[in-house]
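All values reported here derive from a predicted model rather than from experimental measurement.
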Amino acid sequence: MLYNRDLSWLGFNFRVLQEAADERVPLFERLKFFAIFSANLDEFFRVRYPSIVAFSKLNRKTQIQAKSEFEENLPEKAQNEINRQLQVYSSILNQSLLPELNKEHIHLYYNEPIKEEHITEIREIFLSQVLTFIQPLFLNADLSTHFIPVNNFLYFVITLRSPGEQTLRHAVVNIPSEKLQRFFTLSNIDDTNYVIFIDDIVRENIQCLFPGFEVAGVYSIKFNRNAELRLDEEYDPDVLGKIEKQLQKRQYGPPSRFLYEAGMPRNVQMFLASAFDIKHEEMFEGGRYHNLSDFAKFPTFGKNLFYPELKPISFATPMNCGDIFDVLNKKDILLHLPYDSYNTVLSFFNQAAVDASVTDIYITIYRVASESHILNALISAAKNGKNVTVFVELKARFDEANNIKWSRKMKEAGVQIVYSPADIKVHSKIGLVKRKIGDQTVCYCILSTGNFHEVTARFYTDHVMLTTDPIITEELLQLYRFLSKKKREKVQFETLLVSQFNMKERFEKLIEQEIEKVRLGKDGLIRIKINNLEEASMIHMLYKASNAGVQVQLLVRSVCCLVPGIEGLSSNITVKRIVDRYLEHSRIFIFGCDDDCEVVIGSADWMNRNLHSRIEVCVPVKDKTCKQELLDYFKFQWQDTDKAVTLNSALENMKEMSGIGEGLNAQQSIYNYLKNRE
């Protein structure tokens, strides 16, 4: 029994929206969650919805054979759920967020008349700033040959009438929010700060663009387009060039959603749908304003209406100049981001770049910051004469251009660049440094559950382990050699769990061990924290464990295709989800009770792509102190009664009840715990 992944994802996004509705959350944080919900939904239409529609066109037999979590009438069910969520979305904005902004003396013009005091000011902004980027265009029957709406850009469709004529003409005007800011601050009135959408600045001045015409209607529209790169399994050796061509096409790919303002006449809807080959299931009625993800950049006027800052905890070391390698010679280091400072990771690569004893540096890159300190350190290392090898994943969705940019910069500096193979993605987050100490070579490695990205490290929860364990470092070197060779041969891994080699089998064995414990009269316990749970065989293994009497505790942030709480199938499985100020991103796998448990961390979710078509790396945590920290970390999350919800058998978000007093907040508790550790 498997729940549909897309409906499950929509349930997760609704949980994000619930944070925007939570009055205990600071106001500007609520606006951020509101923006995240909108951004997530746009990505859903760019990445998932096209495949949903395409899949629905297959015959029923093929659908059932091809997809284990087959859901009949999925496009309609998804549309209905999205429409339901958008009604809640609109209610939160109009009945809660906008009134709360007004209480703070911030007024956003939202589908309302503009005050007389601001009319002239808006006209001046339009003429001096906005008009530069406006391209009005009359529409005709072959409009698709000369007007191609760009993905996620904003437009107005205008209906016009010449004086004395009944025949309507249509025109389109772009709203240049991608060139200018989305929100403009207007003059203060009666101690209230006024803000206006650029949309309304254009709307208020439409008549200036069409002198001699009567404006009969103005309607906002936008298109989402399919953003899934269609790379063949076999393609030209010039991977870089091919992906760049795909990127150029992406902005004008097949439409996956046509979003139009409520009230747009049916004949105008049909005219645009016909011209751009929009199907009925791809047409969505929306509000007056689209792309409300821009609320993430809403002006704050210096008001402190955010979460109190949790200052990252520094890794204190008395060593001379904070020598990270000297520390690692004595013990492993485990970081818990963003509670712990990311400076330790930056120090690892920065010191490797200048340390005279370092000879080689290896790293895999999936997503990095646009101005990455780590990659700048690797460039410095190459210029300092070190052998630097970087494995770049060019197929990291939406980060392809950034990765191409960096690969070129590094190559110019003498870094050896290895692009990931055509048929797999290298999603692992691993690095290794070789140092020559006397006659010996010592290897230092870093393994992370998240990307080497110092920006997202500020608000993604992840774990980073640094170690000199000779078994782990040797197996990492084997993996790097495997990735470097054009003719690849299978490698044996005894300690690391590497997808496409042994990961799935090792996880299955760990589950079987818990089943065997129950058979022998002992307690069986499985605890997993993960982003997505979709892969059918792993879900069935968890069902098997539940039926055997193993207690299964799952923290699944997003997609969950496992159905909990079904008698005879999953009655011993509990699934929880946490959405809070930090994005829960880490992966922890714990098998067994605390005294004899095995703890694993790594980059892999339990999805088809992670276990079957990517290179992922997970690592057992052996150090007792590090292991205990992860056990306590999971315990705090499992006991959360503030931001946790439990998923019922319908995969609905059921709020955890705290009982007497305030609920326990896992993220705050983890921070306090780590701050007070010895």
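Between Glu514 and Lys517 there is a salt bridge, since at least one side-chain N of the basic residue sits less than 4.0 Å from a carboxylate O of the acidic one. Classification of Asp596 and Lys522 as a salt-bridged pair fails, no side-chain N sitting under 4.0 Å from a carboxylate O. Between Glu19 and Lys643, at least one side-chain N (NZ, or NE/NH1/NH2) sits under 4.0 Å from a carboxylate O, which counts as a salt bridge. Under a 4.0 Å N-O distance rule, the pair Asp462/Lys429 does not qualify as a salt bridge. The residues Asp340 and Arg677 are annotated as salt-bridged, a charged nitrogen and a carboxylate oxygen being separated by less than 4.0 angstrom. Between Asp640 and Lys576 there is no salt bridge, since no side-chain nitrogen of the basic residue lies less than 4.0 Å from a carboxylate oxygen of the acidic one. Salt bridge status for Lys509 with Glu512: absent, with no side-chain N to carboxylate O gap under 4.0 Å.
At most 12 heavy atoms of other shown residues, nucleotides or ligands fall within 6.0 angstrom of atom CD in Glu567. Applying the 6.0 Å contact sphere to CG of Asp523 captures no more than 12 heavy atoms from other residues, nucleotides or ligands. When the shell of 6.0 Å around NZ of Lys627 is examined, it contains more than 12 heavy atoms from other residues, nucleotides or ligands. His373 NE2: 12 or fewer foreign heavy atoms inside a 6.0 Å radius. Annotation for Lys77: atom NZ counts as buried by contact number, over 12 foreign heavy atoms lying within 6.0 Å.
For the pair Glu598 (side chain) and Pro620 (backbone), a donor-acceptor distance under 3.5 Å is absent. In this structure a side-chain-to-backbone donor-acceptor pair under 3.5 Å is missing from Ser546 to Leu542. Side-chain atoms of Asp469 come within 3.5 Å of backbone atoms of Ile471 as a donor-acceptor pair (strictly under, hydrogens ignored). Not one N or O on the side chain of Gln553 forms a donor-acceptor pair closer than 3.5 Å with the backbone of Ile573. A distance-only check finds no donor-acceptor pair linking the side chain of Ser571 to the backbone of Gly568 [under 3.5 Å]. One N or O on the side chain of Gln85 and one on the backbone of Leu10 form a donor-acceptor pair closer than 3.5 Å. The backbone N or O of Asn531 sits less than 3.5 Å from a side-chain atom of Asp605, completing a donor-acceptor pair.
Paired with Phe452 under the rule ring pair (Phe, Tyr, Trp, His ring centres under 6.0 Å), one option of Tyr366, Phe349, Phe348 passes, and it is Phe349. Shown are Asn610, Val498, Leu611; of these, the side chain to side chain contact (heavy atoms under 4.5 Å, CB included) with Met503 is made only by Leu611.
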Stepwise, does the side chain to side chain donor-acceptor pair (under 3.5 Å) test hold for Asn403 with Glu393? CA-CA 7 Å; Asn403 288 358; Glu393 178 50 74; over 6 Å; no
Check against side chain to side chain donor-acceptor pair (under 3.5 Å), Lys504 and Ser537: CA-CA 9 Å; Lys504 186 168 174 289; Ser537 63; 3.1 Å; yes
Which is it for Ser586 and Glu584 under the side chain to side chain donor-acceptor pair (under 3.5 Å) test, yes or no, and what are the steps along the way? CA-CA 6 Å; Ser586 61; Glu584 293 295 340; 4.8 Å; no
Show the numbers, then the answer: is there a ring-ring contact (aromatic ring centres under 6.0 Å, His included) between Tyr582 and Phe459? CA-CA 5 Å; Tyr582 300 133; Phe459 51 90; 8.4 Å; no
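Side-chain contact, Tyr49 with Asp6: no donor N or O sits under 3.5 Å from an acceptor N or O. Inspection of the Gln668 and Asn672 side chains reveals an N or O donor paired with an N or O acceptor under 3.5 Å. Between the side chains of Gln500 and His612, not a single donor N or O lies within less than 3.5 Å of an accepting N or O. Side-chain polar atoms of Ser603 and Glu616 form a donor-acceptor pair below 3.5 angstrom. Side-chain atoms of Asn13 and Asn40 form a donor-acceptor pair, as typed in the model, at a separation below 3.5 Å. Between Asn665 and Asp580, the side chains place a donor N or O and an acceptor N or O closer than 3.5 Å (distance only, hydrogens not considered).
Between Phe589 and Phe507, the distance separating the two ring centers is shorter than 6.0 angstrom. The six-membered or imidazole ring of Phe37 lies away from that of Phe14, with a centre-to-centre distance of 6.0 Å or more. Aromatic ring centres of His463 and Tyr633: separated by under 6.0 Å. If you look at Tyr339 and Tyr673, their ring centroids are not closer than 6.0 Å. Ring to ring, Phe501 and Phe493 are close: their centroids are under 6.0 angstrom apart.
Cation-pi geometry between Arg557 and Phe12 is satisfied (NZ or CZ under 6.0 Å from the ring centre, within 45° of the ring normal).
Listed by first and then second residue, the ring pair (Phe, Tyr, Trp, His ring centres under 6.0 Å) pairs that reach into residues 545-572 come to none, sequence neighbours excluded.
The side chain to side chain donor-acceptor pair (under 3.5 Å) test applied to Asp355 returns Ser357, Arg435, not counting sequence neighbours.
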